2 protein chains.
Amino acid sequence: MAGSKAPPTIQEVAELAGVSKSTISRYFSGFPVRNPEQIRAAVERLGYRPNSAARDLKNGRTRTVGVAVRDLADLYFARILRAIGLASSEVGFHLLVADTSLTSERLAYETLRQRADGLILCAPQLDDSELESLVDDLRPVVIVDRLAPGVRAPQVGVDFYAAMLGLIAHTMDLGHRRIAYFAGPPRSWGDRERRRAFETAKTFGAIPTILEAADSDQLDAAINTALSDGTTAILSFDDFIASSTISRLRKLDVSVPDEISVTGFDDVGYASLSNPEITTVRTPLGDLGERAWSELRALIEGAEATATSVLLPAEVVVRASVAAIAKA
Amino acid sequence: MAGSKAPPTIQEVAELAGVSKSTISRYFSGFPVRNPEQIRAAVERLGYRPNSAARDLKNGRTRTVGVAVRDLADLYFARILRAIGLASSEVGFHLLVADTSLTSERLAYETLRQRADGLILCAPQLDDSELESLVDDLRPVVIVDRLAPGVRAPQVGVDFYAAMLGLIAHTMDLGHRRIAYFAGPPRSWGDRERRRAFETAKTFGAIPTILEAADSDQLDAAINTALSDGTTAILSFDDFIASSTISRLRKLDVSVPDEISVTGFDDVGYASLSNPEITTVRTPLGDLGERAWSELRALIEGAEATATSVLLPAEVVVRASVAAIAKA
DNA sequence: CTGAAAGCGCTAACAC
DNA sequence: GTGTTAGCGCTTTCAG
């Protein structure tokens, strides 16, 4: 049996300080009171801490943001999350997080929403129509890393299309034409945007091949294909795939970038420490989070929800994993 | 002006369904009711969602864990966090997170505690005495990645001392004696534990040098020192330092592991993708999180708080960044 | 199985 | 400035 007593209430503090509950309440809300020192002492002595459930109930808000991510242990999301956390805590908000890798997205969102004033959904996987209907009763909500036409909520993403085009241009400048795209999560918005860039690139004379590389086996197969079909540059969905690719190529004694060029995407840490250092795109994860928060904040404060979409630019970071194509 | 109406209450659902509030409440608590279908319909129609502030207030608990970490965007913490999140959500708990990089730890803990049933503090930096006093009014609390003698709370950590000793033994087996420790955050428990291993290693004939390497300038200096004082193996505080070290050595045209060996610690991702692949220690981050949660859960359910400390084992992962010492 | 009623701890008029 | 009072939305006796 635990000897834990019930926590002190505002009433007990009031009695000890010889004033009424309201005075204590005011004291905590920063209003001037006659005898702050006395109150402070009573609070201290009792170890009183305001009960936030009661507060939230009375105030009708929780001052909490709910954020859903697919994988908390993915640096990509962790960085966005951190930015949201820092920005929102500046205005006294708390961060409630759900990792949707094991639960259904719907359920996770619903549960989060119950305890938060608003939601930020990171790269939701649901299809547009599901998302559209869900968003209606989740509101206020903002969507990150996914543009879903028809969804009446602010959507903030990164211009992957333009960034990938930049990467393609960079490789093409160096003489590459037969380029392979090592694709990421199929059907994800981020992947589709990158693919679009390859479509466009055909216009400029690129000869792209799309190869699935989201899991380990696919990656092996993709590498084999690339190695045998005359590919001279591999543009990967993200730094992780790029890193894995380079690592496997090394085992096959294929030198990067001398024999084949490889690029990453996102610049999430290992890209700059690799050997060779990976040419990639710097995805502005912090900005993404901050922007999402400011959109959500506006909504929470009563702004009308519209289908605003914001596309943040991302720049190419040239490092050492792409070289000029060897003369044929 | 926002057209947002107040969310429906249980009362409105009751009226629409033609029953009393209590019945709706029971319906949501899983008790059998006469007409579940009718209720479901009313709930659906109104888009009713139970107000968790009211619920928490009435029930006297929030079913929320508060977790404080120094840096949300550090894979090390992100992995622990994820494990806590997954484990706790299995029993219906929510995850409230605070990143303490910008706020004072004290404040962050206090705020978190206000909305959570218990706290998990990851690698708190406060000194033992501060922590000791804080823990008393934060209770229930569990501490992760830090053993603080005298603090009456479960403390779960990893046996860095033994693991580092294992790494030292491995390098010594390969003939190394002059080894340098590239230290991490000074005064942190994790760093102190690792240092202890070097003390012990002297007994076995190791000739260790401790070099600060927590920031970029220190790292450069440490590398210079190591290169000029006959060091043959660098054991780093973590994989990030190891990775950075290897990357800088490469620029200096010093080959790893041919000319100098390097080890990492934690195995948090880039270690296995590096070139060379980094010999390191696999820190059981997931277990750490799960264990912390199960300790906290017991406390929340009324267990007596004691100064239990759990030390999880971590194993050495031999890869390619350590080679036998070249014959002198 | 169901309804009526009494709060959970706090805030915000309102009257002093 | 301060006390009194009336709920916020829900759960849970208690009596049917």
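Keep in mind the model is a prediction, meaning the values are calculated, not measured. So that the names make sense, note that chain A is the first sequence line, chain B the second, and so on, each numbered from 1.
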At 4.0 Å (heavy atoms only), tell me whether [X] reaches a base, stays on the sugar-phosphate, or touches nothing.
X: B:Tyr48; value: sugar-phosphate
X: A:Asp56; value: nothing
X: A:Tyr27; value: nothing
X: A:Ser22; value: base

Hey, are B:Asp117 and B:Thr62 close enough side-chain-wise for a donor-acceptor pair under 3.5 Å? yes
Integer-rounded Å distance: [N] [atom2] and [X] [atom1]:
X: A:Gln38; N: D:dT2; atom1: CD; atom2: C1'; value: 14 Å
X: A:Asn59; N: D:dC8; atom1: CG; atom2: C1'; value: 9 Å
X: B:Phe28; N: D:dT12; atom1: CZ; atom2: P; value: 15 Å
X: A:Gln114; N: D:dC10; atom1: CD; atom2: P; value: 10 Å
X: A:Asn51; N: D:dG9; atom1: CG; atom2: P; value: 17 Å
X: B:Ile10; N: C:dA4; atom1: CD1; atom2: P; value: 14 Å
X: B:Arg49; N: D:dC10; atom1: CZ; atom2: C1'; value: 16 Å
X: A:Arg55; N: D:dC10; atom1: CZ; atom2: P; value: 21 Å

Go through [options] for me and flag the one nearest to the [X] side chain.
X: A:Ala54; options: C:dC10, D:dG9, C:dC1; value: C:dC10
X: A:Lys58; options: D:dG9, D:dG3, D:dA6; value: D:dA6
X: A:Arg34; options: D:dG1, C:dC10, D:dC10; value: D:dG1
X: A:Val33; options: D:dT2, D:dG9, D:dG3; value: D:dT2
X: A:Ser25; options: C:dG9, C:dT11, C:dA4; value: C:dT11

Rounding to 0.5 Å, atoms CG (B:Leu72) and CG (B:Leu81) come to a distance of 6.0 Å
Separation between OG1 (A:Thr9) and CD (A:Glu15), nearest 0.5 Å, reads 7.5 Å
Whichever of B:Leu57 and B:Phe31 has its nearest DNA chain D nucleotide further upstream toward 5': B:Leu57
By nearest heavy atom, map A:Arg26 and A:Pro7 onto DNA chain C; which one lands nearer the 5' end? A:Pro7
Between A:Ile24 and B:Gly18, the residue closer to the 5' end of DNA chain C by nearest nucleotide is B:Gly18
B:Arg82/A:Asp71 salt bridge by N-O under 4.0 Å criterion: yes
Looking at A:Arg49 and B:Glu110, is any side-chain nitrogen of the basic one under 4.0 Å from a carboxylate oxygen of the acidic one? yes
Side-chain N or O of A:Thr9 less than 4.0 angstrom from OP1 or OP2 on C:dG9? no
Between B:Thr23 and C:dG3, is there a side-chain N or O to OP1/OP2 distance below 4.0 Å? yes
Check against salt bridge (Lys or Arg N to Asp or Glu O under 4.0 Å), A:Arg106 and A:Glu130: CA-CA 9 Å; A:Arg106 283 196 91 88; A:Glu130 270 194 287; 3.6 Å; yes
